[in-house]
Engineer: 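Here you go, one structure.
Start at 1 with the first residue, then count along the sequence. Quick caveat, the model's predicted, so the values are computed rather than measured.
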Amino acid sequence: MPMPPPSDPSPTVSTGLLAGLRAVPDASRYWVAYSGGLDSTVLLHAARALLGERVAALHVHHGLQAAADQWAERCRATAAAWGIDCRVREVDARAAPGESPEAAARRARYAALRAAVGHGECVLLAHHQEDQAETVLLQLLRGGGARGLAAMPAEAPFGAGRLARPWLGQPRAALEAYAAEHALSWIDDPSNRDLRYDRNYLRHEIMPRLGARWPAAAASLARSARHAAQAAELADALAAIDLATVAEGAALRIPALQALTPARRDNALRHWLRTRGLALPDPVHLARVVNEVLGAAPDRAPYVHWGQVEVRRFRDRLYATPSLPPHQPTWRVAWDLRAPLELPGGGRLTVQTVRGAGLRVGALEAGVTVGFRRGGEACALPGRAGTRPVKKLLQEAGLPPWVRERLPLVWVDERLAQVGDRWRCAPWAVADGEPGLEIRWEAPPALRPFLPAD
């Protein structure tokens, strides 16, 4: 039976819900994350009544339930009856090794929402007070810090646009009352009662008991999340102050970092990694960074890794990078210079014809090979007597070891002709005004922060 189109909600039932919706950031379009369940159905209905034709629905089709196709069609039909455009996005929600089904579904869902939102647009999520309380409990049980206990933000940048949760301060009872007043119907996903999932266990087994003893438990936990969010904001502000005194380009100066108190040092490290888009360490790996990397002798180059993150030390500086691909020191190939040369581990070499720079054009006929350092290489720099060990050139340039070993070397007629794209070697370096072949190294993203500026 089709539901009636949205109309102005009754203020006696919907005051808090409407106030939350009125506070969302202004947007050219509002994408309601529409699962078809009670919460998102109420949000779609209320948003359409209040925000009008700027509202659209996005249903993420996880394919995890036998009725998933029917649910997608029902969402389309309901949205159409209300004059709302509804997009359905099918996703791969299979869990990766070591990932929980809940986390996999959430990852796929948010990726679909992030891809949908455009500039000037906003995604609306129907999370309410009890959802926030459950998230706080989950974070407590996982040993989360202030940022974790802050749970879900009410508003945040998201993809090309924004994300808003207008009802984090509203109890689910308000959504149920709205649904009853407007005779709404919704999809009941049986997996929401599967107690194997942590959130369902909290929702159906723990929260009712807490509420029976402490009626304001959900509201109090949600309030704690707001306090934690403020604490996290203050910690970030302090970290920014500390990093301004210890940061040097892409690195942190280790002596200055060690001069901070342990709490401020760890806070600065976490903030530094977060702002670089890298996964944060658990307490064990953070302790290893402090003890094994910061505490190492200055002439050592230890590193600690977790997930896809590597933290290294070089010359009293601390560096963090995405995990570098395995190095292939014996790789060496011939190159005809007609097309870019892709390098193992990422990056490539390109060539263009120039004048007064690069290698002599005769290099093409002499035969060009490309590879990595194996030790003992030397370069005869133009205008200077003798040769310089490549190792010395790289050390003087301040390049970290993990960059040095991945720097491509170019040989012409079996003689070293170019190191990276910074040093050209006689006799293949061109003279002023002479035509040349300029070979440029496009380094992989993980190495670029450690290269000197052009």
Engineer: Provide the closest heavy-atom pair for His61 versus Ala68 in the form atom of the first, atom of the second, distance.
Structural biologist: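 Heavy atoms of His61 and Ala68 come nearest at CE1-CB, 3.5 Å.
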Engineer: Examine the side chains of Asp39 and His127 and answer whether a donor and an acceptor come within less than 3.5 Å of each other.
Structural biologist: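 No, because no side-chain N or O of Asp39 sits under 3.5 Å from a partner of the opposite role on His127.
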Engineer: Taking the side chain as C-beta and beyond, is there a heavy-atom pair between His204 and Leu195 under 4.5 Å?
Structural biologist: yes
Engineer: Does a salt bridge link Glu248 with Arg317, judged by any charged N lying under 4.0 Å from a carboxylate O?
Structural biologist: yes
Engineer: Taking the side chain as every heavy atom from C-beta outward, state whether Leu349 and Pro408 have any atom pair closer than 4.5 Å.
Structural biologist: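 SC-SC contact between Leu349 and Pro408 confirmed.
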Engineer: Look up atom OG in Ser191 and atom OH in Tyr197, then write down how far apart they are to the nearest 0.5 Å.
Structural biologist: 6.0 Å
Engineer: Validate the cation-pi geometry between Arg312 and Trp402: distance from NZ or CZ to the six-membered ring centre under 6.0 Å, angle to the ring axis within 45°.
Structural biologist: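 Verdict for Trp402: a cation-pi partner in Arg312.
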Engineer: Begin from the C-alpha positions of Ile206 and Leu210 and carry the test side-chain contact (heavy atoms from CB on, under 4.5 Å) through to its verdict.
Structural biologist: CA-CA 6 Å; Ile206 304 303; Leu210 291 176; 4.0 Å; yes
Engineer: Quick one: do Asp131 and Arg203 make a salt bridge, cutoff under 4.0 Å?
Structural biologist: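 Here Asp131 pairs with Arg203 in a salt bridge, since their nearest N and O are under 4.0 Å apart.
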Engineer: Side-chain polar contacts of residues 227-237 - donor-acceptor pairs under 3.5 angstrom, sequence neighbours left out - could you list them?
Structural biologist:
| unit_1 | atom_1 | unit_2 | atom_2 | d |
| --- | --- | --- | --- | --- |
| Asp236 | OD1 | Arg147 | NH2 | 3.0 |
| Asp236 | OD1 | His271 | ND1 | 3.3 |
| Asp236 | OD2 | Arg147 | NH2 | 2.2 |

Engineer: Would the distance check show the side chain of Ser28 and the main-chain N or O of Gly120 forming a donor-acceptor pair, the cut-off being under 3.5 Å?
Structural biologist: yes
Engineer: Can you see which heavy atom on Ala95 is nearest to which on Ala104, and at what distance?
Structural biologist: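 Heavy-atom minimum between the residues: CA-CB, 3.5 Å.
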Engineer: Around Arg448, counting heavy atoms of other residues, nucleotides and ligands shown, do more than 12 lie under 6.0 Å from its CZ?
Structural biologist: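 Counting neighbours around CZ of Arg448, more than 12 heavy atoms of other residues, nucleotides or ligands fall under 6.0 Å, so yes.
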Engineer: Ring-plane angle category for His182 and His45, please: parallel below 30°, perpendicular beyond 60°, tilted otherwise.
Structural biologist: tilted
Engineer: Main chain of Gly420, side chain of Gln418: is a donor-acceptor contact present, judged purely on distance under 3.5 Å?
Structural biologist: yes
Engineer: Are Val136 and Gln139 packed together at the side-chain level, in the sense that at least one heavy-atom pair is separated by less than 4.5 angstrom?
Structural biologist: no
Engineer: Can a donor-acceptor pair be found, under 3.5 Å and without considering hydrogens, that links the side chain of Asn267 to the backbone of Ala263?
Structural biologist: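 Answer holds: no.
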Engineer: Please test Val403 against Leu394 for side-chain contact (heavy atoms from CB on, under 4.5 Å), starting from the C-alpha separation and ending with a verdict.
Structural biologist: CA-CA 9 Å; Val403 177; Leu394 301 179; over 6 Å; no
Engineer: In plain terms, say whether Arg373 and Glu405 are close enough for a salt bridge, that is, a side-chain N and a carboxylate O under 4.0 Å apart.
Structural biologist: no
Engineer: Using 0.5 Å steps for rounding, measure from the CZ atom of Arg422 to the CG atom of Leu399.
Structural biologist: 6.5 Å
Engineer: How about Arg274: does its CZ atom have over 12 heavy atoms from other parts shown lying under 6.0 Å from it?
Structural biologist: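 For Arg274, atom CZ is crowded (more than 12 foreign heavy atoms under 6.0 Å).
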Engineer: Tell me, yes or no, whether the heavy-atom count around Gln70 atom CD, taken from other residues, nucleotides or ligands under 6.0 Å, exceeds 12.
Structural biologist: no
Engineer: Taking all atoms of both residues into account, what is the closest heavy-atom pair of Ala56 and Ile84, and its distance?
Structural biologist: CA-CG2, 3.9 Å
Engineer: Within the distance-only criterion (no hydrogens, no angle test), does the side chain of Glu292 pair as donor or acceptor with the backbone N or O of Val304 below 3.5 angstrom?
Structural biologist: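 Checking the backbone N and O of Val304 against the side chain of Glu292, no donor-acceptor pair under 3.5 Å is found.
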Engineer: Please work out whether the ring planes of Trp331 and Phe372 are parallel, tilted or perpendicular, with thresholds of 30° and 60°.
Structural biologist: tilted
Engineer: If you measure from CD on Glu102 to CG on Asp194, what distance do you get to the nearest 0.5 Å?
Structural biologist: 9.0 Å
Engineer: What pair of heavy atoms forms the shortest contact from Ser185 to Thr41, and how long is it?
Structural biologist: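 Distance-wise, the nearest heavy atoms are O-CG2, 3.7 Å.
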Engineer: Can any side-chain N or O of Ser40 pair as donor or acceptor with the backbone N or O of Ser35 at less than 3.5 Å?
Structural biologist: yes
Engineer: Taking the side chain from Arg165 and the backbone from Pro153, do they hold a donor-acceptor pair closer than 3.5 Å?
Structural biologist: yes
Engineer: I'd like to check Arg48 versus Glu53 (side-chain heavy atoms, cut-off strictly below 4.5 Å). Are they in contact?
Structural biologist: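 Touching, per the 4.5 Å side-chain cut-off.
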Engineer: Are more than 12 heavy atoms from other residues, nucleotides or ligands located less than 6.0 Å from atom CZ of Arg374?
Structural biologist: yes
Engineer: In Å, rounded to the nearest 0.5 Å, how long is the span from OG1 of Thr330 to NE2 of His327?
Structural biologist: 8.5 Å
Engineer: Look at the aromatic rings of His59 and Tyr34 and report parallel, tilted or perpendicular, splitting at 30° and 60°.
Structural biologist: perpendicular
Engineer: Indicate the atoms forming the closest heavy-atom contact of Ala47 with Val55, along with that distance.
Structural biologist: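 Taking every non-hydrogen atom into account, O-CG2, 3.5 Å.
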Engineer: A side-chain contact here means heavy atoms from C-beta on lying under 4.5 Å apart; do Thr350 and Trp441 qualify?
Structural biologist: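 With C-beta onward as the side chain, the pair stays apart.
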Engineer: Looking only at heavy atoms, which two atoms of Pro166 and Gly20 are closest? And how far apart?
Structural biologist: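 Heavy atoms only, the tightest pair is CB-O, 3.4 Å.
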Engineer: Under the 3.5 angstrom rule, does the side chain of Glu130 hit a backbone N or O of Pro171 as a donor-acceptor pair?
Structural biologist: no
Engineer: Do the side chains of Asp26 and Arg54 get close enough for a salt bridge, i.e. N-O under 4.0 angstrom?
Structural biologist: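 Looking at Asp26 and Arg54, the cut-off is met.
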Engineer: Please report the C-alpha distance between Leu341 and Val333 in whole Å, then the side-chain angles of each, then the deciding distance to 0.1 Å, and finally whether the side-chain contact (heavy atoms from CB on, under 4.5 Å) criterion is met.
Structural biologist: CA-CA 10 Å; Leu341 178 66; Val333 298; 4.2 Å; yes
Engineer: Keeping Gln170 on the side-chain end and Trp167 on the backbone end, is there a donor-acceptor pair under 3.5 Å?
Structural biologist: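 No: the side chain of Gln170 does not pair with the backbone of Trp167.
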Engineer: Does the side chain of Tyr30 come within less than 4.5 Å of Leu43's, by heavy atoms?
Structural biologist: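 No, side chains not in contact.
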Engineer: Hey, what do you get for CZ (Arg276) to OH (Tyr319), rounding to the nearest 0.5 Å?
Structural biologist: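 Interatomic distance, Arg276 CZ to Tyr319 OH, rounded to 0.5 Å: 10.5 Å.
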Engineer: Got a second to check how far Glu310's CD is from Leu278's CG, nearest 0.5 Å?
Structural biologist: 10.5 Å
Engineer: Taking side chain as C-beta onward, heavy atoms only, is Asn200 less than 4.5 Å from Glu205?
Structural biologist: no
Engineer: Please test Trp71 against Gln65 for side-chain hydrogen bond (donor to acceptor under 3.5 Å, both in side chains), starting from the C-alpha separation and ending with a verdict.
Structural biologist: CA-CA 10 Å; Trp71 294 345; Gln65 301 287 338; over 6 Å; no
Engineer: Just to verify, which of Arg270, Arg253, Arg264 counts as forming a salt bridge (Lys or Arg N to Asp or Glu O under 4.0 Å) with Asp242?
Structural biologist: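 When salt bridge (Lys or Arg N to Asp or Glu O under 4.0 Å) is applied between Asp242 and each of Arg270, Arg253, Arg264, only Arg264 qualifies.
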Engineer: State, with a plain yes or no, whether a side-chain heavy atom of Val91 is found less than 4.5 Å away from one of Arg109.
Structural biologist: no
Engineer: Please check if atom NE2 in His305 has more than 12 non-hydrogen atoms from other residues, nucleotides or ligands closer than 6.0 Å.
Structural biologist: no
Engineer: What's the verdict on side-chain contact (heavy atoms from CB on, under 4.5 Å) for Leu243 and Leu252, showing C-alpha distance, side-chain angles and the deciding distance?
Structural biologist: CA-CA 8 Å; Leu243 287 175; Leu252 300 182; 3.8 Å; yes
Engineer: Would a distance-only check, ignoring hydrogens and angles, find a side-chain to backbone donor-acceptor pair under 3.5 Å from Arg313 to Ala296?
Structural biologist: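 Flag set: sc Arg313 to bb Ala296 pair under 3.5 Å.
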Engineer: Hey, does the side chain of Thr275 reach the backbone of Trp272 with a donor-acceptor pair shorter than 3.5 angstrom?
Structural biologist: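 Pair found, side chain donor or acceptor close to backbone of Trp272.
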